[in-house]
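Worksheet: one structure, shown below.
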Amino acid sequence: MKKASVLAMALCLIGIGIAQTNIRIMGYGGQDPAIVQRLLDDVIGDRLAAEGITVSYEPLEGDYNAALFNALSAGTAADIFYLPGETAPAIVATGKVLALDGHIDVSPFIASLMDVYTFDGRVYGVPKDFNTLALVYNTDLFDEAGVEYPDEDDTWADFADKLRGVSALEDGVYGACFPTTYDRFGAFAFASGWQPPGVVEQPDFTDSAMNEAVDWYTGLIREGAAVTPADVGQGWTGGCLATEEVGVAIEGAWIVGFLRNDAPNLRYGATFLPLGPSGERGNFIYSVAYAVNSDSPNRDAALLVLEALTSPEAQQWVLEEGLAIPSRSELADNPFFDQDTPEARANRTVFQGAEQGNVYGFQFGTLGTDFMNPINDALSAIVTDGAEIDQALGQAQRNLQALQERAR
């Protein structure tokens, strides 16, 4: 449906006396305003217009979380706003997020996603889309090395041997790209059995499961089977893969568009992360939800808009447009995932990753992203400075406790 027809319907409704309610949405800048407008124009505009509802999108440029906290504190926040998984605990703690229990049926959505937005047994957001991590690999490098591709049955030992095989090709070729940051490493910690904030009250960086994961992960870098992005002049693992000198990247579905544009001749496949010592693979849920402002004067209309934005029709459109991985369980059998293309296979792997093993939201309790600093520093110290693992993790735990003390 075109913008003009939405406007015409709105004017018609005014003409016959239906009151108009404008619902404000606060979200990210960048491409999001145009995407939401297209969704309104093409999919849900008629549905909302029939209810006498118009929608205006207000991008919060720059630091979204800081801007949202300021708006919530000042009482100027929109009726609906994006609720990022990583900062959801602190945003919900403001008391400005409406609990959706009894208002929205969340049963159609992937359970592990809903866990990200559930606190004290109450649901505060409906995920609009999500990502998990997958292994995305250069098939030519594995073929040249005579090494089998990574697959879903690989254990850590199997995967490590495959990386060593690729790295043995020649100098300057590496099996995988391993950042020394929690946003990728953490998935391997989960596979070892370590549990993050929100799952346990007090995460312990000195736990034996964490130690085992750090030893395996950093060991592959130290021996040269893996490399950090900075070591090959890159800022992320997708950039590493695009050099065609690295066999495996660890990324979400966002890598698909990047490879299409920046490495169009790269032949690649995708599979799940390897099985860890716990017998399970680990993974992150990276997600953003729609939430309703508990102070909204237009609560009922806002709930109708939220339902429309996350409806089957809306999510089907998002999937077919290649914009994101939708959050409804029913889309697991969508024909989009069955196409015989690298892109479709990668997207299917990311979608299914939400229900594969020890999967936790990319979030950190009320500390927010500061939680990652101690473990990031420890990983860097081990890889770059040769620090002993026990000492580095002990320091990380002390730094975490100091952060927690300052936050109280």
Side-chain angles (χ1 to χ4, degrees), residues 85 110-116 130-137 142 147-166 175-200 203 207-221 225-226 237-238 241 247-256 268-287 325 327 329 332 337 345-363 375 379:
I110 297 171
S112 58
L113 270 70
M114 295 313 308
D115 287 345
V116 177
F130 78 101
N131 260 279
T132 65
L133 296 174
L135 300 180
V136 183
Y137 53 88
F142 279 84
V147 175
E148 291 183 359
Y149 300 151
D151 64 54
E152 62 184 281
D153 296 322
D154 282 350
T155 63
W156 278 7
D158 299 327
F159 181 53
D161 284 342
K162 291 178 179 180
L163 299 186
R164 294 183 183 107
V166 171
C177 197
F178 279 5
T180 52
T181 51
Y182 179 79
D183 60 358
R184 297 296 179 271
F185 161 75
F188 294 94
F190 303 158
S192 191
W194 185 81
Q195 296 181 312
V199 181
V200 293
D207 183 87
S208 60
M210 173 61 77
N211 192 300
E212 186 172 19
V214 170
D215 185 37
W216 179 83
Y217 190 89
T218 61
L220 287 168
I221 302 173
T237 79
L241 194 69
V248 176
I250 306 167
E251 295 295 339
W254 52 76
I255 197 174
V256 170
Y268 68 91
T271 190
F272 302 110
L273 273 62
L275 299 163
S278 69
E280 301 281 357
R281 63 186 99 252
N283 217 325
F284 281 115
I285 291 281
Y286 303 88
S287 179
I325 304 297
S327 53
S329 301
F337 291 126
R345 289 190 288 272
N347 283 321
R348 181 173 61 247
T349 300
V350 169
F351 186 94
Q352 294 175 342
E355 299 180 310
Q356 289 274 333
N358 301 327
V359 184
Y360 302 118
F362 186 65
Q363 61 183 203
I375 190 62
L379 292 169

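Both backbone and side-chain heavy atoms feed into the values below; hydrogens, waters and symmetry mates do not.
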**Request:** Report the residues that fulfil side-chain contact (heavy atoms from CB on, under 4.5 Å) with Ala191, sequence neighbours left out, ordered by chain and then residue number.
**Result:**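 Applying side-chain contact (heavy atoms from CB on, under 4.5 Å) to Ala191 gives Trp156.
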Rounded to the nearest 0.5 Å, how far apart are [atom1] of [X] and [atom2] of [Y]?
| X | Y | atom1 | atom2 | answer |
| --- | --- | --- | --- | --- |
| Gln352 | Ile110 | CD | CD1 | 10.0 Å |
| Ile250 | Leu135 | CD1 | CG | 6.5 Å |
| Ser329 | Glu355 | OG | CD | 6.0 Å |
| Phe284 | Asp183 | CZ | CG | 7.0 Å |
| Phe272 | Arg281 | CZ | CZ | 6.5 Å |
| Tyr149 | Phe142 | OH | CZ | 9.0 Å |

To check you understand the geometry: which heavy-atom pair defines the closest contact between [X] and [Y], and what is its length?
| X | Y | result |
| --- | --- | --- |
| Gly193 | Ser278 | N-CB, 4.1 Å |
| Ser327 | Leu113 | CB-CD2, 3.4 Å |
| Ala187 | Asn283 | CB-CA, 3.9 Å |
| Leu133 | Gly252 | CD2-N, 4.1 Å |
| Glu280 | Asn358 | CB-ND2, 3.7 Å |
| Thr349 | Ala134 | CG2-CB, 3.8 Å |

Of all residues at least two apart in sequence or in a different chain, which pass the salt bridge (charged side-chain N to carboxylate O under 4.0 Å, His left out) check with [X]?
| X | value |
| --- | --- |
| Asp161 | Arg164 |
| Asp158 | none |
| Asp207 | none |

**Request:** Show your working on side-chain contact (heavy atoms from CB on, under 4.5 Å) between Ile255 and Tyr268 and close with a plain yes or no.
**Result:** CA-CA 11 Å; Ile255 197 174; Tyr268 68 91; over 6 Å; no
**Request:** I would like to know whether Ile285 and Thr132 meet side-chain contact (heavy atoms from CB on, under 4.5 Å); could you show each step before the answer?
**Result:** CA-CA 5 Å; Ile285 291 281; Thr132 65; 3.9 Å; yes
**Request:** Would you check, one step at a time, whether the test side-chain contact (heavy atoms from CB on, under 4.5 Å) holds for Val350 with Asn347?
**Result:** CA-CA 5 Å; Val350 169; Asn347 283 321; 5.5 Å; no
**Min side-chain heavy-atom separation Tyr137-Val166 under 4.5 Å** = no
**Asked** Mind checking whether Pro179 and Thr237 have side chains closer than 4.5 Å, heavy atoms only?
**Response** yes
**Message:** Just to verify, what does Tyr217 make a ring pair (Phe, Tyr, Trp, His ring centres under 6.0 Å) with, not counting sequence neighbours?
**Reply:**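 Tyr217 satisfies ring pair (Phe, Tyr, Trp, His ring centres under 6.0 Å) with Phe178, Phe185, Phe188 only.
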**Prompt:** By ring pair (Phe, Tyr, Trp, His ring centres under 6.0 Å), which residues pair with Phe351, not counting sequence neighbours?
**Reply:** Phe130, Phe337
**Prompt:** So Glu148 and Asp154, side-chain contact (heavy atoms from CB on, under 4.5 Å) or not? Walk me through it.
**Reply:** CA-CA 11 Å; Glu148 291 183 359; Asp154 282 350; over 6 Å; no
**Prompt:** Using the ring of each side chain (for Trp, its six-membered ring), is Trp194 parallel, tilted or perpendicular to Phe190, with breaks at 30° and 60°?
**Reply:** parallel
